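Along the sequence shown, residues are numbered consecutively beginning with 1. Just so it is clear, the structure is predicted and the values come from calculations on it, not from any experiment.
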Amino acid sequence: MNGPPAGSGREIQYRLTVNGTVLYYGYAGPQPTMRNFTEPGQQIVRDIQAGYPYSVVDAAGARYPVAVGADGQLHANGQMLEYRSLRDKPIRGGGPAASSATLLQ
């Protein structure tokens, strides 16, 4: 991607691992027209560096802005995003994608 995605921002709600790749899942845009997205952390880093806003909703329902730290990692409220407790994302159906996904909290 050459620049940040279109829209007003993205809200990360879930983290999952599929075939060894960590992905973040959430919603983009203002309500009621919000659309879902799934992005790897590296893409979110590039989007934020290009000026696109992200926030995260943790397992307790608290919302925090997401930033790229000096270490190049995603952070929210002083904690690396990969260690922040997020809600479980249910995966419906069977098949290779569902069976290879590991849900993280």
Can a cation-pi geometry be assigned to R15 and Y24, taking NZ or CZ under 6.0 Å from the six-membered ring centre and within 45° of the ring axis? no

Does R10 reach the main-chain N or O of P53 with its side chain, forming a donor-acceptor pair under 3.5 Å? no

For Q43 and R46, does a side-chain donor sit closer than 3.5 Å to a side-chain acceptor? yes

All heavy atoms of A76 vs all of Y64, minimum pair found to be CB-CB, 4.1 Å

Identify the two heavy atoms, one from L86 and one from V57, that lie closest to each other, and give their separation to 0.1 Å. CD2-O, 3.8 Å

Could you measure the distance from the CD1 atom of I44 to the CD atom of Q49? Nearest 0.5 Å is fine. 12.0 Å

Non-hydrogen side-chain atoms of V56 and Q13 separated by less than 4.5 Å: no

Any chance you could measure H75, atom NE2, to I48, atom CD1, to the nearest 0.5 Å? 10.5 Å

The reported gap from OH in Y83 to CD in Q73 (rounded to nearest 0.5 angstrom) is 8.5 Å

Output the distance between atom CZ (F37) and atom CG (D47), rounded to the nearest 0.5 Å. 9.0 Å

How far does CD1 of I12 sit from CG of L23, to the nearest 0.5 angstrom? 11.5 Å

Give me the ring orientation class for Y25 and Y14: parallel if the planes are under 30° apart, tilted from 30 to 60°, perpendicular past 60°. tilted

At what distance, to the nearest 0.5 angstrom, does CZ of R63 lie from CG of D58? 10.0 Å

